[in-house]
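Before any comments, here is the structure.
On a predicted model such as this, the values are computed, not experimentally measured, just so you know. Order of the sequence lines fixes the chain letters, A, B, ..., with proteins taken first and strands second; residue numbering starts at 1 for each chain.
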Amino acid sequence: MSEVNTKKLLTDPLDDNNPITVQVLGVCSALAVSGSLKNALVMAVAVTFVTAFSNLTISLLRNYIPSRIRMIVQLVVIAFLVTLVSISLKAFLFDLSKELSVYVGLIITNCIIMGRLEAFAIGNKPVDSFLDGVGNGIGYGLILVIVGFIRELFGTGALLGFTFFGEEARHGIDFLKHGFFNDFFHNGLMVLPISSIFILGILIWIQRSRNAELIDIS
Amino acid sequence: MSDLINIFVKAAFVENMVLIYFLGMCSYLAVSKTIKTAVGLGAAVIFVLAITAPVNWIIRETLLVEGALSWISPALADQSFEFLGLIIYIGVIAAMVQLVEMVIEKFSPALYMSLGIFLPLITVNCAILGGTLFMIAKEYSLAESTVFGIGSGFGFFLAIVALAAIREKIKYSAVPAPLRGLGMAFIITGLMGLAFMGLMGIKL
């Protein structure tokens with residue numbers, strides 16, 4: 001495997017082959033947990049961990065799994081890793097795990113993981129599969145963080161606990177006190193999960209305008 | 001009885017799996033190109049949800065909750081096996097999907113042919129596992145969780161058929177090229193979701 005191809009495994013899923021906007025995998029959780037930047041970051045890390053290591057495991061086992069029962073084997077590997085994530089979240093970040101509630105468990109059925117196992121890990125070497133998993137996890141995380149950033153900033157006027165916009169900003173950081181930002185009203189729609197659908201639709205629009213190859217012909 | 005109807009309406013409309021919780025989005029977006037396939041997938045989801053919700057409920061109550069296994073030995077009286085939940089639920093779902101597939105193949109080959117690949121795909125539909133997890137979070141009884149399963153499935157059916165119908169029509173409109181297909185599907189879903197949010201808080 002040459003240097004260029006290894007790099008491609010990591011960078012392709014970030015844009016041209018993004019799991020969410022191009023492959024349409026893992027949309028469910030992307031919409032539901034992107035309400036704040038913090039949730040999005042934690043979810044991105046969790047999914048990257050699970051994709052990378054399930055890809056690695058399945059790739060190591062790929063010659064020993066009978067193809068008829070491979071779905072069940074894959075599910076067990078994924079479920080094991082997700083249980084690890086879920087338990088460690090409860091132990092170290094209890095408040096956050098309450099907030100993410102069922103969506104941590106739902107990483108199991110996140111189609112990115114299953115999709116990458118089927119499409120890549122089942123027929124490729126362990127190291128490549130691991131990198132593919134990391135790349136796709138980060139590609140997923142990237143979209144999640146962009147959506148989370150927009151939603152939290154415009155929905156609450158704050159980011160990770162620092163206030164930038166609106167009424168509260170007057171009492172906050174000095175250089176923002178007299179800016180036009182103070183007249184900004186929080187956009188209630190952005191707080192609702194529904195806004196992430198529109199943001200994703202617009203992201204897809206932007207991405208496809210830049211890269212005509214991705215446009216649907218049908 | 002009115003309790004059960006209330007749960008059904010709530011699961012199907014007010015807390016619609018797809019349009020309010022955004023579960024099962026992947027197959028929802030991928031399989032909604034024509035009405036025919038959408039109806040097939042929707043029906044299969046109703047079926048699987050109606051079976052897995054009560055089965056997982058029974059397994060959880062008899063095997064997993066704290067003290068459920070105390071009849072084996074008193075030492076297990078304060079043992080909880082809920083940490084095994086996820087693995088068991090997904091196993092049940094995979095097995096049920098397989099079972100449903102075999103039953104349909106045996107008794108109605110025509111329906112089996114028309115569903116095709118969508119049956120096995122249901123295993124990784126987040127709406128199914130979501131149904132089980134929500135049912136646990138809401139602490140429903142057996143009857144209630146069965147109705148909840150059917151209701152959620154019906155909600156999915158409604159949403160996917162509606163999107164497919166709109167997508168069939170929108171083919172004839174002048175949508176900007178980069179927005180065609182997936183982008184437009186997202187925005188339509190968003191608008192439908194906004195409409196469904198209007199039902200919030202309704203009680204029978």
Q | Audit row: A:Phe198, B:Thr189, side chain to side chain contact (heavy atoms under 4.5 Å, CB included) steps and yes/no | A | CA-CA 9 Å; A:Phe198 293 109; B:Thr189 312; over 6 Å; no

Taking all heavy atoms of [X] and all of [Y], pick out the closest pair and write down the distance.
X        : Y        : answer
A:Trp205 : B:Pro176 : CZ2-CG, 4.2 Å
A:Ile194 : B:Leu194 : CD1-N, 3.7 Å
A:Gly201 : B:Phe186 : CA-CB, 3.8 Å
B:Phe22  : A:Ile197 : CE2-CD1, 3.4 Å
B:Arg180 : A:Arg208 : O-NH1, 3.7 Å

Q) Given the options B:Ile90, B:Leu19, B:Ile128, which has more heavy-atom pairs under 4.5 Å with chain A than any of the others? A) B:Ile90

Heavy-atom distance under 4.5 Å to chain A: side chain of [X], backbone, both or neither?
X       : result
B:Tyr28 : neither
B:Leu29 : side chain
B:Ile93 : neither

Q.
With a 4.5 angstrom heavy-atom cut-off, is it the side chain or the backbone of A:Ile206 that approaches chain B, or both, or neither?
A. neither

Q) Where on A:Ile113 is there a heavy atom nearer than 4.5 Å to chain B: the side chain, the backbone, both, or neither? A) neither

Q: Starting from the C-alpha separation in whole Å, work towards a yes-or-no answer on side chain to side chain contact (heavy atoms under 4.5 Å, CB included) for B:Met184 and A:Ile204.
A: CA-CA 9 Å; B:Met184 209 54 213; A:Ile204 290 173; over 6 Å; no

Q: Measure the CD1-CD1 distance between B:Ile87 and A:Ile78 for me, rounded to the nearest 0.5 Å.
A: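 If we round to the nearest 0.5 Å, B:Ile87:CD1 and A:Ile78:CD1 are 11.5 Å apart.
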
Q | Flag if over 12 foreign heavy atoms under 6.0 Å of CZ, A:Phe49 | A |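 Yes - once you tally the heavy atoms of other residues, nucleotides and ligands closer than 6.0 Å, there are more than 12.
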
Q) Heavy-atom count around B:Lys138 NZ within 6.0 Å, excluding the residue itself: above 12? A)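 Atom NZ in B:Lys138 is packed in, count exceeds 12.
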
